[in-house]
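Convention: sequence-line order gives letters A, B, ...; per-chain numbering from 1. The analysis underlying the following values was restricted to heavy atoms, covering all of them including side chains, and did not include hydrogens, waters or symmetry mates. Since we're looking at a predicted model, the values are computed, not measured.
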Number of protein chains: 2
Amino acid sequence: MAEKRLTRVTSFDVAEAAGVSQSTVSRALAGDPSISAPTRQRVMEAARKLNYQVDENAARLRRGKTGTLAVVMVCRPGQDRKDLNPFYYALLGSTCAAAAARGFEVLVAFQDSPENFWGHYQERRKADGMIVIGTSENTAAWDYFGALPQGSHWVCWGATQDDFPWVRSDNHAGATLATRHMLVRGYRHIVCLGSETSPQRQFKERYDGYAAAMESAGLEPVLQRIERGLPREEQGRRAAVALIESGRPFDAIFGVSDEIALGALKELAGRGLVVPDQIGIVGFDGVRAGAWSTPPLTTVESDFEVAGSLLVDRLLAMISGETATARRVPVRLVVRGSTRP
Amino acid sequence: MAEKRLTRVTSFDVAEAAGVSQSTVSRALAGDPSISAPTRQRVMEAARKLNYQVDENAARLRRGKTGTLAVVMVCRPGQDRKDLNPFYYALLGSTCAAAAARGFEVLVAFQDSPENFWGHYQERRKADGMIVIGTSENTAAWDYFGALPQGSHWVCWGATQDDFPWVRSDNHAGATLATRHMLVRGYRHIVCLGSETSPQRQFKERYDGYAAAMESAGLEPVLQRIERGLPREEQGRRAAVALIESGRPFDAIFGVSDEIALGALKELAGRGLVVPDQIGIVGFDGVRAGAWSTPPLTTVESDFEVAGSLLVDRLLAMISGETATARRVPVRLVVRGSTRP
DNA sequence: TTGTAGGCGTTATCAA
DNA sequence: TTGATAACGCCTACAA
């Protein structure tokens, strides 16, 4: 075999080597059925020998399609990349996997503030469409993406706006699952640490799911509000403090996110309250960190693989003009140690 | 302002609207200084009004450069994306940030086994070069990337091969830092949970750093080997069991990765040993999970921002034929609760 | 300072 | 079944 080198080889070179025309090379390699088997053989052989690879830029220019999807990760302004919620990284990973499985390349960009908001992938022919993943806290980002020109192909995870092309976890079902689990395990005075007014749409949905489960058990739902603008862990910790100081009796906590639940867990443990014996705790997100707490956190986890697939499929449907289907990602309960047996 | 829509607008359209030639448009928008101010004004105005954006495929085809870097994330075969070590996600994030800061787009692909190994970004003109990030465990992947044609521009994080164009944490310094910290805090019988033969080159480097610090303190380094092929946490747990059962006295553990240290921490706690009072523990990686353990894990953290920058700068230097400089990423000690004050 | 023209390497149309 | 040929939209000599 010839030594592999990186000199530019065009389809003309392959054509010459195979003794056919350039267009035949293009067709043979593209799998055009009109090319005869022996010709295809010769072309493939020549291409292999010359180490030929299609110039994607030329191909895309000609085709008018890029075969690429853009994924924009919306972060908090100035936030360190290593502090990004692992949930979003998992979502990024599964989205890339789904795109790759469908034959698309993925362009990734982290964006956090107006200076670097940028969504013109489609106009610049860098991608056929865009997936925006991020926290609803960054309202400036959602305003920006919501104002993209008509005809932009995009879907999102995390926006507050209900008229955006969103995909979300089945928050209601997940919260109900969590609450029922605690009821079954004998907890009665279950308090929800969260918010019904947060821009985080899913927090409201999770509260509603919790409330529904409580009510259908004949119990009164109780919401302990988190303060805005703090790190999640701190929100959870403070809400736990406020709850304790309120004097309201409780024997279980449903945190609308894992980090809120973990913050509360830490606070309770620090005060000598025994989890799960005295107090049960359940979170929502299924991030890895929960597995390391003491006790490990019982939580509701989204099916990440499905999440990535739904985002990609919805986007591809939009691109091809079809009508998309599901937009809710199924969830499951992950029972660990923060609720009693 | 005209309603924004997504119909294709070419530089010819802008030229017509501005009453100049197409090449003038190209130059004006590229910031060519030969274009007069008034002309540039008119062109910019027309471009804005028509919502014109350059077709990057055409531009790249013409230029022969892509302005894009590819990042390949090497995972364990079949591993779920959400189970990928958060360390690598943080590295991915900071690499994307560094690339963006230098004006490059980033193409991301997760690859785990021979069926989907693919590194011909450069030949296909999808990218100007490639950054491969991954665990050294996946030797098949490193064999694949090591066999890329001459002239491929790439750098990597995580490979075993020393002749690869690698960038790494300053493992030796970090391990020394960790060990000295424990010595200063009064621990004497410090055992290293790790391996000097693992394909993970950094494990060996970390052991060496630990051993050097021990020896220069007049103490004997002790290595408790981890078993191969298990999840890191389990490796840590089992090594702790083996250490205890060996009967060898110890009052501190240096785990060559956070997850190994966390596994050991869990095992010790389960046996009623008090961390940090009876036993001190330090890990290596600085992942978020360590902050949630009880007690939170003292660890050595790489400067992720520098890591991303070094990877990108080294690759860009290679592309432009310059000689690259640093390849070691500085580390710092993050003191949390698993070592006594 | 600006315009003309050629070509980057494909894919796709139209003949043969 | 294959070959000529015309775009795709831009950048960049070269000329004016």
Legend entry - pair A/V71-A/L92: side-chain heavy atoms closer than 4.5 Å: yes
Legend entry - Residue pair A/M73 / A/Q111, side-chain heavy-atom distance below 4.5 Å: no
Inset, instruction - Side-chain contact test, heavy atoms from C-beta onward, threshold under 4.5 Å: evaluate it for A/V74 versus A/F145 and give yes or no. - result: yes
Legend entry - the helix from C/dT1-D/dA16 to C/dA16-D/dT1: angle between end helix axes, five pairs per end, rounded to 10 degrees: 30°
Inset, instruction - Mind telling me whether B/H120 and B/Y144 have parallel, tilted or perpendicular rings, with 30° and 60° as the class edges? - result: perpendicular
Inset, instruction - Mind running a 4.0 Å heavy-atom check of residues 16-25 of chain A against DNA chain C and sending the residues that fall below it, in number order? - result: A/Q22, A/S23
Inset, instruction - Rounded to the nearest 0.5 Å, what's the gap from CH2 on A/W154 to CG on A/L69? Could you check? - result: 15.0 Å
Legend entry - Residue whose closest nucleotide on DNA chain C lies nearer the 5' end, A/Q53 versus B/S34: B/S34
Legend entry - Heavy-atom closest contact (B/Q22 atom, B/S11 atom, distance): NE2-OG, 3.0 Å
Inset, instruction - Taking the side chain as every heavy atom from C-beta outward, state whether B/E56 and B/E105 have any atom pair closer than 4.5 Å. - result: no
Legend entry - Contact residues, residues 55-65 of chain B to DNA chain D [heavy atom, < 4.0 Å]: B/D55, B/A58, B/A59, B/R62, B/R63
Legend entry - B/M44 side chain reached by B/Y52 side chain, heavy atoms, under 4.5 Å: no
Inset, instruction - Looking at every strand, decide which applies to A/S26 at a 4.0 Å heavy-atom threshold: base, sugar-phosphate, or nothing. - result: base
Legend entry - Residue whose nearest DNA chain D nucleotide is more 5′ - A/F12 or A/R40: A/R40
Legend entry - Close side-chain approach of B/Q161 to B/D143, heavy-atom, < 4.5 Å: yes
Legend entry - A/R48/A/E45 salt bridge by N-O under 4.0 Å criterion: yes
Legend entry - Atom CD of A/E16: over 12 foreign heavy atoms under 6.0 Å: no
Legend entry - Heavy-atom check, side chain of A/M130 versus side chain of A/H153, under 4.5 Å: no
Inset, instruction - Would you mind classifying the nucleic acid contact of A/R27 as base, sugar-phosphate or nothing, using non-hydrogen atoms under 4.0 angstrom? - result: base
Legend entry - Qualifying side-chain hydrogen bond (donor to acceptor under 3.5 Å, both in side chains) pairs with a residue from residues 64-84 of chain B, counting only residues at least two apart or across chains: B/R60-B/T68, B/T66-B/D128
Inset, instruction - Would you grab the first and last nucleotide of DNA chain C (5' to 3') that comes under 4.0 Å of any non-hydrogen atom in chain B? - result: C/dT1 to C/dG9
Legend entry - Any A/F104 side-chain heavy atom under 4.5 Å of A/L315 side chain: no
Legend entry - Residues A/D55 and A/R62 bridged, charged N to O under 4.0 Å: no
Inset, instruction - Shoot me the first and last contacting nucleotide of DNA chain D against chain B, ordered 5' to 3', at under 4.0 angstrom to non-hydrogen atoms. - result: D/dG9 to D/dA13
